[in-house]
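As the structure is a prediction and not an experimental result, all values here were calculated from the model. In the text below, chain A, chain B and the rest are named by the order of the sequence lines, each starting its count at 1.
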2 protein chains.
Amino acid sequence: MNKKYSIKDIAKLSGVSVATVSRVINDNGRFSEETRKKVQKVIRDTDYHTNFSAKNLRMNKSFSVGILVPDISNYFFANVVQKIEKILFKQGYSTIICNTARDEKKELAYLKMLESKGIDGLIVISGAKAFDISKLKTPQKIPFVCIDREPKDKQNTVFISSDHYQGAVEATNSLFEAGCKFPIIASHSRTSSSSSYRLRGFKDALAKNNITYNKSKNHIVLDSDNITKKLNQFLELEPQIDGIFAINDSIAINVLSALLKIGKSVPKDIKIIGFDNDPQDIHSYPTLSSIKQDTDKIAQVTVDNLINLINHTGITGESITIPVSLIQRESSK
Amino acid sequence: MNKKYSIKDIAKLSGVSVATVSRVINDNGRFSEETRKKVQKVIRDTDYHTNFSAKNLRMNKSFSVGILVPDISNYFFANVVQKIEKILFKQGYSTIICNTARDEKKELAYLKMLESKGIDGLIVISGAKAFDISKLKTPQKIPFVCIDREPKDKQNTVFISSDHYQGAVEATNSLFEAGCKFPIIASHSRTSSSSSYRLRGFKDALAKNNITYNKSKNHIVLDSDNITKKLNQFLELEPQIDGIFAINDSIAINVLSALLKIGKSVPKDIKIIGFDNDPQDIHSYPTLSSIKQDTDKIAQVTVDNLINLINHTGITGESITIPVSLIQRESSK
DNA sequence: TTGTAGGCGTTATCAA
DNA sequence: TTGATAACGCCTACAA
């Protein structure tokens, strides 16, 4: 049972001082090629690796970042979080995921825990209100970036977001192009940064097609209960409806099965398109058209910017918009 | 810009020694009620919190655990991981999630990274082969528990698993009870600890109903490509088939849409039941019957056992089986 | 009941 | 180019 090696052991074994070993390890400072080789051989032979607790203590870093996410069971969120985590891991960072369940109190509690864990940075995904880190009265504020959620103080952070507006425009246009005359939007009652952009895109696409958006005629609000009933009532009042842009795929799927129950045929009677390109879209019947967000790019851009903020390099105050793409399937043919 | 407080500051502010402060914080050792109050007040006033890097360094712990998971986009895995993470977070542990993508090389690479990060414990979820931690030649071996994956050396670990066998028996029986005469099982070609138990359950349920399992007549293997074509061929050869037990919901959903394309009616012509109770089950058409795993319990038991292993309390060498439950929906009525 | 002091593994400053 | 050493914040024998 050989104990773990420390930098001191490596120093002794290779006949140099700890300072030199540290310099070789971090490729920092000056040393001869000869000593580098000597030291590196010993490191390999002993299978030494650095103790991060010690390093972090000394450097006053934790190499961990927190992620605040409203609902990890949502496909888009889960997907982005997973990709962020992978990229961060490669760079030596650990990730602490906090599912706030859209609860402000929970969010604050998590924030305090994260703060006390000494995270180096924070990623905030979506959520109802603008994100206000000043709720924490930490001496030195934690660098953070926001995805799909406007920060209250844009000065020292970066705001990253898909082009929700453009996605909504394209989705709505695709309904018109498929022959729809009276499309509506289906949304939940929650508002968020991304959903309001999507709504705006829908309205503008309507306007381009000479329809004036009317809240009671072009917009149905559906939360998870009573969807079939509400939809049925709405359709009886507005029987001319022939297209639905659902603000996300979860709602789209719900609408789809509600329509089947009501006895409507999709896409013959009514066409549907969603948003997010959930994997289940290809298993619905009919398969669901959608707008795909570029989660790879979102994750990469997010991490790049956060690391820059942590290292005090790069620019802040930016807003970065990531393009989306239209995925045509059966439901809007 | 007030700097961060350390235990030394708290000591000075409350007029006691650092040792006493430490004792109060950890409720460890003896001290008077008076000093406790004094110290705790100062801690509250200063909003002090402990520096974990220092604590971990001193105590030779990291308060972090790794999770090896084959595919985080799978609902069951994601669900369990999320719940484990939440429970661990409450206990002060960070979680490092590693998506191995069922790749042995990746798994080993991740293991080494985790080892070098100094994790206190490891959770291993599913995977093809028995888990062999001896691939790592760490001096002190890392405590670990396995979910749905047999450990190579059962002595020093705990094996946790749903009752896959019983679930498969109940699923198959429910098909018989719904009137099926010739049920088959649909599986992927991968084998895993859980899938072989499910297969065994299916076979035994068949036997109980006086059918001898025959690989070519009662078993169809479907991977993600060509599902509709393969299923169609199989059904032409075996037209008497009237029930399908899919080894998981992902396959079940695929089978369902394939059947609809072929022109079969579910559940009239063929009944289906899956396994895992994915959330999408209630959005398929018809809704999908399934076997539900108790992820809350799995997560809790897993964490409890791992923490015990880390603290050298509790028993090892155990296998723990968690009950499952049948969820009847339209597809097997 | 409380205090003193050493040491965990690193990095960085200062000398050599 | 290298080495000695202080310091990071904490816990814990040992002493008082």
Side-chain angles (χ1 to χ4, degrees), chain A residues 2-40 42-43 46-64 92 115-120 139-140 311, chain B residues 2-40 42-43 46-64 92 115-120 139-140 311:
Chain A
N2 40 2
K3 67 153 203 166
K4 249 182 178 166
Y5 292 95
S6 81
I7 213 172
K8 227 183 256 176
D9 303 317
I10 306 302
K12 206 164 293 172
L13 256 43
S14 42
V16 298
S17 74
V18 290
T20 302
V21 175
S22 173
R23 285 192 269 257
V24 170
I25 289 172
N26 299 298
D27 202 5
N28 171 357
R30 299 191 139 10
F31 44 83
S32 71
E33 186 56 27
E34 191 194 4
T35 46
R36 133 174 284 143
K37 284 203 172 133
K38 231 175 12 188
V39 171
Q40 281 185 335
V42 175
I43 288 180
T46 55
D47 199 30
Y48 160 87
H49 34 239
T50 83
N51 177 318
F52 287 101
S53 295
K55 180 171 191 156
N56 296 346
L57 169 61
R58 177 60 228 242
M59 303 191 67
N60 196 26
K61 280 200 62 166
S62 69
F63 278 97
S64 68
E115 180 189 17
S116 95
K117 278 229 164 200
I119 52 168
D120 295 332
Q140 61 274 45
N311 296 334
Chain B
N2 38 3
K3 68 155 201 164
K4 250 184 178 164
Y5 292 96
S6 83
I7 213 172
K8 225 183 258 175
D9 303 317
I10 306 301
K12 206 164 291 170
L13 256 43
S14 42
V16 298
S17 74
V18 290
T20 303
V21 175
S22 173
R23 287 187 192 107
V24 171
I25 289 172
N26 300 299
D27 202 5
N28 169 356
R30 299 192 140 11
F31 44 83
S32 72
E33 186 55 27
E34 192 194 2
T35 45
R36 135 174 282 141
K37 284 204 174 132
K38 233 177 7 189
V39 171
Q40 282 186 335
V42 175
I43 288 180
T46 54
D47 199 30
Y48 161 87
H49 35 238
T50 84
N51 178 318
F52 287 101
S53 295
K55 181 171 193 159
N56 296 345
L57 169 61
R58 175 61 227 252
M59 304 195 67
N60 197 25
K61 283 199 60 167
S62 70
F63 279 97
S64 67
E115 181 190 16
S116 95
K117 278 232 165 199
I119 53 169
D120 296 333
Q140 61 274 45
N311 298 333

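- Residues satisfying the side chain to side chain contact (heavy atoms under 4.5 Å, CB included) test with A:Ile25, not counting sequence neighbours, are A:Ile7, A:Val21, A:Ile43, A:Tyr48, A:Thr50.
- Following rounding to the nearest Å, B:Lys4 (NZ) and D:dC10 (P) show an atom-to-atom distance of 10 Å.
- Taking atom CD1 of residue B:Ile7 and atom P of nucleotide C:dT4, one finds them 14 Å apart after rounding to whole Å.
- In terms of modelled atom types and a separation under 3.5 Å, the side chain of B:Ser6 and the main chain of B:Lys8 share a donor-acceptor contact.
- In this structure, CD1 of B:Ile25 is placed 16 Å from C1' of C:dT2, rounded to the nearest angstrom.
- Atom-to-atom, CG of A:Asn60 to C1' of C:dA12 comes out at 14 Å; the value is rounded to the nearest Å.
- In this structure, CZ of B:Phe52 is placed 17 Å from C1' of C:dC8, rounded to the nearest angstrom.
- Among residues two or more places apart in sequence or in another chain, the side-chain hydrogen bond (donor to acceptor under 3.5 Å, both in side chains) test is passed with A:Thr35 by A:Ser32.
- The shortest distance between side-chain heavy atoms of B:Leu13 and B:Thr46 falls below 4.5 Å.
- Between the P atom of C:dT2 and the CZ atom of B:Arg36 lies a distance of 11 Å, rounded to the nearest Å.
- With sequence neighbours left out, B:Thr20 forms a side-chain hydrogen bond (donor to acceptor under 3.5 Å, both in side chains) with B:Ser17.
- Within residues 26-35 of chain B, the residues that have a heavy atom under 4.0 Å from DNA chain D are, in order of number, B:Asn26, B:Asn28.
- Partners of B:Asp120 under the side chain to side chain contact (heavy atoms under 4.5 Å, CB included) rule, at least two apart in sequence or in another chain, are B:Lys61, B:Ser62, B:Phe63, B:Tyr93, B:Ile310.
- With sequence neighbours excluded, the residues that form a side chain to side chain contact (heavy atoms under 4.5 Å, CB included) with B:Glu33 are B:Arg36, B:Lys37.
- Distance, A:Lys117 NZ to D:dG9 P: 19 Å, rounded to whole Å.
- Contact annotation for A:Thr50: backbone-only contact, meaning every heavy-atom pair under 4.0 Å involves sugar-phosphate atoms and none involves a base.
- Counting non-hydrogen atoms under 4.0 angstrom, B:Tyr48 reaches the backbone sugars and phosphates but no base.
- Remark: B:Lys117 engages A:Ser94 in a side-chain hydrogen bond (donor to acceptor under 3.5 Å, both in side chains) (not counting sequence neighbours).
- Listed by chain and number, the residues in a side-chain hydrogen bond (donor to acceptor under 3.5 Å, both in side chains) with A:Lys55 are A:Asn26 (sequence neighbours excluded).
- As rounded to whole Å, 14 Å separates atom P of C:dG9 from atom OH of A:Tyr5.
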Worksheet, complete the sentence: With sugar-phosphate taken as primed atoms, P, OP1 and OP2 and all else as base, the protein-contact string of nucleotides 3-8 of chain D at under 4.0 Å (heavy atoms; B, S, -) is BBBBBB

